[in-house]
Amino acid sequence: MKVSHKEPQPKSDWLPERDRMNAGRIDVAELDGGLDLQATIESGQSYLWRRPDGEMYDGDEQRGGDAWYETVVRIDDGSIRLDAGDPVVVRVRQDDSHLDWESTTDAEWIVRSLLRLDDDLPAIRAATPDDELLERAYDRYWGLRLVADPPFGTLISFICSAQMRVSRIHGMQVALAETFGETVTADGRSYPVFPTPEQLAAATESQLRDLGLGYRAPYVQRTAEIVASGDAHPESARDRPYEDAREYLTQFVGVGEKVADCVLLFALDFLEAVPLDTWIRTTIEEYYPDCDRGSYAETSRAIRQRLGGEYAGYAQTYVFHYLRNEE
DNA sequence: CCCGTACCTGACGA
DNA sequence: ATCGTCAGGTACG
C-alpha cells in the first residue's frame, strides 16, 4: 500500500510485495443470526462504504447480493476509533454462505468490528418485545446488523444527513473524501480516504458548499475544527451514561439530539439509542401513539422502553429499513 | 424550556 | 418546461 504525500513505507521483509492484498473468508453460518451484508451497509446507517460498481441504493436486492463493498479506516495502536494512524483498505463481499474480505492488512478483526459480526442476533431479538411490526421487520431483513463505524466520519456524515436523501448523503461523503482526504493505492487501484479532522477543519465553507453541502457546510467545518483543536472528540462520549453522552455530542455544530443518537448507535456501541427521525416519528404516531410525549427526551425514553430497552436501537434499525422499503 | 422560522440543493411529479 | 414539494434536522430568536 502506498499513501500519497507520506514517507515511503519502512523496509520490511514480511512485506516484499506491498500491493498484495491479504484475504480471508468468514463462514456466515458460524455467525449468530447470519448476515445480510447489503441490508447492513445500504440501510442508511453507514455512509462510509462504497461499491465499485457504483450501484449503491439502486434498490435492487438481487444484483446487490454479491457486490463488493470498500472502505478505508485508520488504524492507530490497534484501534479504529481515533481517526489517526495509517489508512487500511478493507473490501468485503457476501455470497450465499461466505463473507469474503480483502485488505492491505490482516483485517478479519476489523471486518468483525465494523460489521458487528459478533453480535448475537437471536439473543438480541429474543430480548425485544413480542410485537407484530418488529416481527415483520426482523423476519424480512433477518441478518441485518448494526454497524460500528469510526466516530468522526459518522459524526460528519450524520451532520450532512439533515433534510437530505440517503443517496445524496452518501455522495457527499464520497465527495469529501475525494476533495479533502488522502488517496491510498492498493492492488493497483486507488481509494480516497475520509478526511481527518485536521484536513476537514482546513476546508472553507465555500469549498464545502461547492460540494453541495448547502447550509450544512459551516456545521461540518466548525465541528471539524472543534475536533481538530482537541477541545472535544465524539469518542469521548463513549464512557458516559447514555443521556449524558447524547448531551455531550450536541456541543458539536449541526448536532442536535437526533444526530447525536445516530452517532451513539452507529459508532459508539450505544445499542439502546433510538434516533427520532421523521420515519420513527411517523411509526410512533401509527403504532405506538402513547409513546409520543412531546419532548424529544421523554418520547425517547418511552419508545426505548417500548422497543425493549437495551437493544432498542436494533429494533429501530430493522423498523426503519423495513418501513422505508415496503411503503 | 418551548416554539416558530429560515436554511442549501437536487430530484421528482404535476 | 417551470414550479412546488420534500428529504434520517438544527440554529437562532
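Being a predicted model, the structure only gives us computed values, none of them experimental.
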What's the closest nucleotide to the [X] side chain, out of [options]?
X: A/R165; options: B/dC8, C/dC6, C/dA11; answer: C/dC6
X: A/R168; options: B/dG10, B/dC8, C/dC12; answer: B/dG10
X: A/R209; options: C/dT10, B/dC8, C/dC12; answer: B/dC8

*Honestly, is A/R112 close enough over A/W101, meaning NZ or CZ under 6.0 Å from the six-membered ring centre and within 45° of the axis?*
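Ring-cation test returns no.
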
Spacing of the [atom1] atoms in [M] and [N] (rounded, Å):
N: C/dT10; M: B/dG10; atom1: P; result: 22 Å
N: B/dC3; M: C/dA7; atom1: P; result: 22 Å
N: C/dG9; M: B/dC1; atom1: P; result: 25 Å

Nucleotide [N], atom [atom2] - distance to [atom1] of [X] in whole Å:
X: A/I159; N: C/dA7; atom1: CD1; atom2: C1'; value: 18 Å
X: A/Y215; N: C/dA11; atom1: OH; atom2: P; value: 11 Å
X: A/H170; N: C/dA7; atom1: NE2; atom2: P; value: 21 Å
X: A/Q163; N: C/dG9; atom1: CD; atom2: P; value: 5 Å
X: A/M164; N: C/dC6; atom1: CE; atom2: C1'; value: 11 Å
X: A/D210; N: B/dC8; atom1: CG; atom2: P; value: 14 Å
X: A/F252; N: C/dG9; atom1: CZ; atom2: C1'; value: 18 Å
X: A/I169; N: B/dC8; atom1: CD1; atom2: P; value: 18 Å

*Test salt bridge (Lys or Arg N to Asp or Glu O under 4.0 Å) applied to A/E102 and A/R25, step by step*: CA-CA 9 Å; A/E102 297 179 355; A/R25 163 171 276 195; over 6 Å; no

With a 4.0 Å cut-off on heavy atoms, is [X] in touch with a base, just the backbone sugar-phosphate, or nothing at all?
X: A/Q316; answer: base
X: A/R216; answer: base
X: A/G256; answer: sugar-phosphate
X: A/Y296; answer: nothing

*Lys/Arg N to Asp/Glu carboxylate O, A/R145 vs A/D118, below 4.0 Å*: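 A salt bridge is absent here (no side-chain N lies under 4.0 Å from a carboxylate O).
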
_Min side-chain heavy-atom separation A/D83-A/H233 under 4.5 Å_ = yes

_Tell me which one of A/E42, A/R50, A/Q94 satisfies side chain to side chain donor-acceptor pair (under 3.5 Å) with A/Y69._
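Testing each of A/E42, A/R50, A/Q94 against A/Y69, the sole residue satisfying side chain to side chain donor-acceptor pair (under 3.5 Å) is A/E42.
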
*Complementary nucleotide for B/dC8 - Watson-Crick or wobble, under 3.5 Å*: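 With both distances under 3.5 Å required, B/dC8 matches none.
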
_On DNA chain C, does the nearest nucleotide to A/V253 precede the nearest nucleotide to A/P275 from the 5' side, or the other way round? Give the residue._
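Residue closer to the 5' terminus by nearest nucleotide: A/P275.
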
